[in-house]
Amino acid sequence: MKRIGVLVSGSGTNLQAIIDQVASGFIGAEIGVVVSNKPGVYSLARAQAAGIRTRVIDHRLYARAQDFSQSILTVMKEEQIDLICLAGFLRIIDPLLIEAYPNGILNIHPSLLPAFGGKGMYGHHVHEAVIASGVKYSGATVHLVTPETDVGPIVAQGITAVADTDTPETLAAKVLQIEHQLYPRAIKLLIENGLEIDGLRVREKITK
Ligand code: GAR
């Protein structure tokens, strides 16, 4: 059975969705470890409640971003992780980790990439920018992680309308609901079916 490692920084509602869909058997894999770059976040309690091993790798203790990513890589190798899922993980990861997991790191982002992505675009900043721009639709994107932030091949997207009355908070709540459906589906696709990656295009493998 494939082993998933989840990287988190916050409350972990996406982590919870993954835990629940592994427990239900929808995702045919096990979660080997949850790693947070922040001590005390609620994600860690969620993982512990589900009996999953947790580690805190505090980015503030590392002078170089490379060494922070190297520590994450060491844990992932120790835990024999096949697929890494970033679930509300708000640090940039170094290419050394990405090279160690080619097409093996997924991220979820709270907009329809390539719009509203890149450095500094995370959490509420995304929803504020979406509303200020006047676009009528937003959503969530699951993509493979490449060295440049938020531009890797797109595995799955889900959309929601931006209502005239939406605030960054109400939009965030609508997008999170989409995320909780989308991320487990994308993980299942990658882990069980396999995906064909052709430049930026990702296709489901046709199985007979
Ligand atoms: C989610 O909306 C996720 O898409 C976003 O942080 C939130 C984490 O929520 N991630 C990013 O903005 C990454 N650029 P959660 O901790 O409840 O899963």
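Atoms within a ligand are numbered from 1 in the order they appear, just like the ligands themselves. Everything quoted here is computed from the prediction, not taken from an experiment.
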Proximal candidate to atom 3 (C) of ligand 1 [heavy atom criterion; set E179, H180, H109]: E179
Just checking [X]: does its [atom1] atom have more than 12 heavy atoms from other residues, nucleotides or ligands closer to it than 6.0 angstrom?
X: E148; atom1: CD; value: no
X: Q177; atom1: CD; value: no
X: F26; atom1: CZ; value: yes
X: K188; atom1: NZ; value: yes

Distance under 6.0 Å and angle within 45° of ring axis: K77 vs Y101: yes
Polar side chain donor-acceptor pair, N14 to E179, under 3.5 angstrom: yes
Check: G12 N/O within less than 3.5 Å of ligand 1 N/O: yes
N/O separation below 3.5 Å, T13 to ligand 1: yes
Output field: ring centroids Y62/H59 closer than 6.0 Å: no
L176 to ligand 1, any heavy atom closer than 4.0 Å: yes
M121 touching ligand 1 at heavy-atom level, < 4.0 angstrom: yes
Atom 11 (C) of ligand 1: nearest protein contact (heavy atom, Å): P110 CD, 3.6 Å
Which residue and heavy atom of the protein sit nearest atom 12 (O) of ligand 1, plus the separation: G123 N, 2.9 Å
N107, portion touching ligand 1 at heavy-atom distance under 4.0 Å: neither
Where ligand 1 meets G88 - atom numbers and elements under 4.0 angstrom, heavy-atom basis: 6 (O), 8 (C)
Proximal ligand 1 atoms for S11, defined as those under 4.0 Å from one of its heavy atoms: 16 (O), 17 (O)
